[in-house]
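Okay, structure first, notes after.
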Amino acid sequence: MNTGLKSPTGIWWKPAHKAERIWVQIAFAWCMVLFAMMPLWHLKGAQNPSGIRATVVPNDFAKRTYEFINTYKVGDDHGVPVVEPPPGSDVYLMGRMWAWEPVLRLRKGAQYTLHLSSLDVNHGFSLAPVNLNFQVVPGYDYGLRITPTEAGEFTIMCNEFCGINHHAMVGRVIVLDDAPPAPGGDE
Ligand code: CUA
C-alpha cells in the first residue's frame, strides 16, 4: 500500500527521464508564452472594451434611464418596458436586485453607446449566447460603444452573485435584421 509515510520503492532519486524533462520544458515555455500574452492582450485585440467610464449617482442614472425609456418606448414585456432607440443614440440599461431594465431592441449594424450601471449592488452583465461579460457597478456609468453584428434574441444574465434572487435576474436584448427607415428617404 502507498502512504505518505512510506518512501516509494524504486530509484526515484535518480535524475528524471529525458522525455519528462522535455515535457517540463515545453510546459514551462508555454507558461511563459501565456504570461507574455497578458500584457499583449491588454494592448492589442478586439476583446478590449471601448470603455467610457464616469461616476454617476445611482438616482441620477435611474432618472436618465427612465427618461430614455419614456422617449423610445415601443412596448411592454411582462411589465418591463421595451425600447427601440435610434441608431447612434445613447442607450441606458440599469441593473438592480433582481432585474434588468429596459428590454432593448437594437438594429444590426448600427452603432450605439450602451450605458451600464447598477442602482444597488454589484451585478454582472453577461450576454448569451455570445460571450460578453461586464461588471455593472453602482456609482459608475460604464459606457460601451457597441455595434450588434448578429440579429436575434439575446439573454442578459447576471453573473455576479447579488442575493437570494440572483438566478432570476434575466433580461433581454433583441437585435433586428432590417435597417430602420432612412431619414429624408432620398437614396
Ligand atoms: Cu444581479 Cu446577480
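Note that this is a predicted model, so its numbers are computed, not measured. Ligands are counted one by one from 1 in listed order, and the atoms in each one are counted from 1 as well.
- Take Tyr72 and apply the ring-ring contact (aromatic ring centres under 6.0 Å, His included) test, not counting sequence neighbours, and it matches Phe68.
- When atom types are taken as modelled, the side chain of His166 and the backbone of Glu160 share a donor-acceptor pair closer than 3.5 angstrom.
- A distance-only check finds no donor-acceptor pair linking the side chain of Tyr92 to the backbone of Ile69 [under 3.5 Å].
- Salt bridge present: Asp177 and Lys108 bring a charged side-chain N and a carboxylate O closer than 4.0 Å.
- Val56 and Val121 fall within the same hydrophobic cluster, defined by Ile, Leu, Val, Met, Phe, Trp and Tyr side-chain heavy atoms under 4.5 Å apart, directly or through other members.
- Distances from atom 1 (Cu) of ligand 1 under 2.8 Å pick out these protein N/O/S atoms: His123 ND1, Cys158 SG, Cys162 SG, Met169 SD.
- Between the side chain of Asn159 and the backbone N or O of Ser126, no donor-acceptor pair lies under 3.5 Å.
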